[in-house]
Amino acid sequence: VLAKEFERVGLPTVIVTSLPDVAVQMGANRVLRPRASTFHHPFGVAQMDADHERIWRREAVLAALKVLQTPVDGPTVFDF
Amino acid sequence: MSDHIRVLHFLNPFFAGIGGEESNYMAPRVEAGARGPGSRISQLLANDGELVATIVIGDNYFAENQLQSREAVCAAASDHHANVLVAGPAFNAGRYGLACGAACEAVARQLGIVAVTGMFSENPGVDFRRRGVYIVPTGDSARTMGDALPRIVALSVKLARGESLRPAAEEGYLGRGIRINERLPQSSAMRAVDMLLRKLHDEAVESEIVLEAQEVVAPPPPLRDLKDAVIALATETGLIPHSNPDRIPSARSRVWGKYSVVDLKGLTSDQFSFVHGGYDTTKVNQDPNRGVPLDALRDLEDSGVIKQVVNEVVSTCGNGGSLLEMKRIGHEMAQEAQLQGATAVILPAT
């Protein structure tokens with residue numbers, strides 16, 4: 001719902017979540033599912049050591065930025 | 001609840017046969033008896049009741065004088081001891097549909113009497129169904145008057161007599177989003193398995209819970225060049241500074257906050273935490289970047305991959321939020337992001 005309001009004013013928006021089905025059902029257009037993270041922390045992998053987790057998070061954010069550069073026609077789920 | 005039904009009929013001047021486009025600004029006028037489609041309503045009521053009066057208001061007058069118009073309809077209903085208001089039907093006429101919806105809402109709320117209107121499913125006035133107005137679906141033009149009026153009258157009579165209604169679709173009006181509990185012989189587990197089996201056999205399955213169709217927002221074009229991107233972080237994970245200055249609650253939030261991250265290389269657990277009743281916040285409280293990845297974005301900002309990170313993070317708690325509230329919050333957040341010069345948004349959600 002929030003993502004749609006950002007997109008309504010023209011800002012491409014990527015929602016990052018482990019529950020992409022809900023986001024799609026609500027009509028969010030750009031949805032990124034980071035496979036390694038969990039529902040409780042979309043940008044974290046708690047079992048990694050801190051350095052690896054930071055590297056992983058940078059990659060996850062890059063994946064999100066890539067989604068923002070991707071044209072979509074409607075609700076679309078991207079995997080990372 | 002009454003055996004003898006006294007109907008007040010609401011019309012615009014066009015349908016009342018008083019005038020065309022030029023009468024759009026006509027102030028409220030009340031007349032005894034039926035006008036226009038009202039005579040057919042009188043016939044359909046037959047022995048059940050009578051159409052006692054007609055109130056006519058121009059669509060533009062109504063739109064620009066909401067309060068006076070609503071009061072005029074209520075006054076006419078009281079004066080004529082009406083226990084039912086029938087409005088329209090409005091078919092696909094937008095301003096007329098809004099006036100019909102508002103007239104119905106006014107008498108239903110202020111006088112507690114039955115109010116029924118009819119309109120086409122795409123008329124903007126159908127939104128009034130969420131405010132408790134009974135709306136019978138009609139075709140998109142007055143050609144379908146003959147089909148619409150008997151259904152409107154039948155529903156009005158039923159409501160006026162206080163008869164209990166079956167589900168909206170069976171009864172022939174647009175669902176108002178109200179669920180009524182009822183006792184069924186089979187438990188929900190049995191009904192669910194039964195539904196699954198029918199689905200597996202490719203038979204028709206009808207959900208007991210109607211999911212609202214979501215409004216579609218066309219996706220804006222993607223970012224061209226990351227080097228020029230100004231990225232805003234927005235979230236529903238319930239990110240807050242420890243003091244929670246906006247008092248964001250852990251569920252059903254109606255507020256949001258913007259929190260400065262200027263000069264911060266990342267979010268730290270000595271400044272930020274999360275308030276959210278819908279997930280386990282232990283790990284994000286240990287390292288808030290796991291929820292809202294400011295550290296990684298700063299890194300990408302420093303290395304020139306993106307131009308800038310917006311220095312205000314906007315946050316609310318999405319747990320159990322009402323759609324309408326979240327829509328408003330989203331709109332306000334989006335305006336804030338625009339104000340901050342954002343060109344795109346990353347929105348972590350749980």
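Chain identifiers are assigned alphabetically (A, B, ...) following the order of the sequence lines, protein sequences preceding nucleic acid strands; residue numbering begins at 1 within each chain.
Between atom NE2 of residue A:His40 and atom OG1 of residue B:Thr350 there is a gap of 9.0 Å, rounded to the nearest 0.5 Å. For the atom pair OG1 (B:Thr316) and CD (B:Glu332), the distance works out to 10.0 Å, reported to the nearest 0.5 Å. In this structure, CG in B:Leu267 is found 6.5 Å from CZ in B:Phe274, a value given to the nearest 0.5 Å.
Annotation for B:Arg254: atom CZ does not count as buried by contact number, only 12 or fewer foreign heavy atoms lying within 6.0 Å. Atom CG of A:Asp73 has 12 or fewer neighbouring heavy atoms from other residues, nucleotides or ligands inside a 6.0 Å radius. Crowding of B:Glu122 atom CD: a count of heavy atoms from other residues, nucleotides or ligands under 6.0 Å not exceeding 12. In B:His201, the NE2 atom is not crowded: 12 or fewer heavy atoms of neighbouring residues, nucleotides or ligands sit closer than 6.0 Å.
Chosen from A:Ala60, A:Pro42, A:Gly27, the residue pairing most often with chain B at heavy-atom distances under 4.5 Å is A:Pro42. Interface remark: of the candidates A:Val61, A:Asn29, A:Val72, A:Asn29 forms the most heavy-atom pairs closer than 4.5 Å to chain B. For the options B:His331, B:Met326, B:Gln338, heavy-atom pairs under 4.5 Å to chain A are most numerous at B:Gln338. Options B:Ala344, B:Ala218, B:Gly330, B:Pro222 differ in how many heavy-atom pairs under 4.5 Å they form with chain A, and the most are formed by B:Pro222. When A:Thr17, A:Thr13, A:Thr76 are compared by the number of non-hydrogen pairs under 4.5 Å with chain B, A:Thr13 comes out ahead. Ranked by non-hydrogen atom pairs under 4.5 Å with chain B, the options A:Ala64, A:Gly74, A:Pro71, A:Pro75 are led by A:Pro71. Options B:Val216, B:Val284, B:Thr343 differ in how many heavy-atom pairs under 4.5 Å they form with chain A, and the most are formed by B:Thr343.
Using bins of under 30°, 30° to 60° and over 60° for the plane-to-plane angle, the ring pair A:Phe80/A:Trp56 lands in the tilted bin.
Neither the backbone nor the side chain of B:Arg328 comes within contact range of chain A; no heavy atom of the residue lies under 4.5 Å from a heavy atom of that chain. Of the atoms belonging to B:Pro221, it is backbone heavy atoms, and not side-chain ones, that fall under 4.5 Å from chain A. In this structure, the portion of A:Arg54 lying under 4.5 Å from any heavy atom of chain B is its side chain and not its backbone. For A:Glu53, the part lying near chain B is the side chain, with the backbone staying farther off; criterion is any non-hydrogen pair under 4.5 Å.
Residues of residues 285-302 of chain B placed with any heavy atom under 4.5 Å of a heavy atom in chain A are listed by number as B:Asp287, B:Asn289, B:Arg290, B:Gly291, B:Pro293, B:Asp295, B:Ala296, B:Leu297, B:Asp299, B:Leu300. Proximity to chain B among residues 5-12 of chain A is limited to A:Glu5, A:Phe6, A:Glu7, A:Arg8, A:Val9, A:Gly10, A:Leu11, A:Pro12, judged by heavy-atom separations below 4.5 angstrom.
Classification of B:Lys307 and B:Asp228 as a salt-bridged pair fails, no side-chain N sitting under 4.0 Å from a carboxylate O.
Put simply, the side chain of A:Ser18 gets close to the backbone of A:Thr38: a donor and an acceptor are under 3.5 Å apart. Although no hydrogens or angles enter the test, the distance criterion places no donor-acceptor pair under 3.5 Å between the side chain of B:Asp246 and the main chain of B:Ile248.
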**Study point:** Worked check of salt bridge (Lys or Arg N to Asp or Glu O under 4.0 Å) between B:Arg191 and B:Asp194
**Key:** CA-CA 5 Å; B:Arg191 299 201 305 279; B:Asp194 187 46; over 6 Å; no
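The heavy-atom pair separating B:Met333 from B:Thr235 by the smallest distance is CE-O, 4.0 Å. Across all non-hydrogen atoms, the minimal contact from B:Ser250 to B:Asn319 is O-ND2, 3.0 Å.
Of the candidates A:Leu62, A:Val14, A:Ile15, A:Val67 forms a side chain to side chain contact (heavy atoms under 4.5 Å, CB included) with just one, namely A:Val14.
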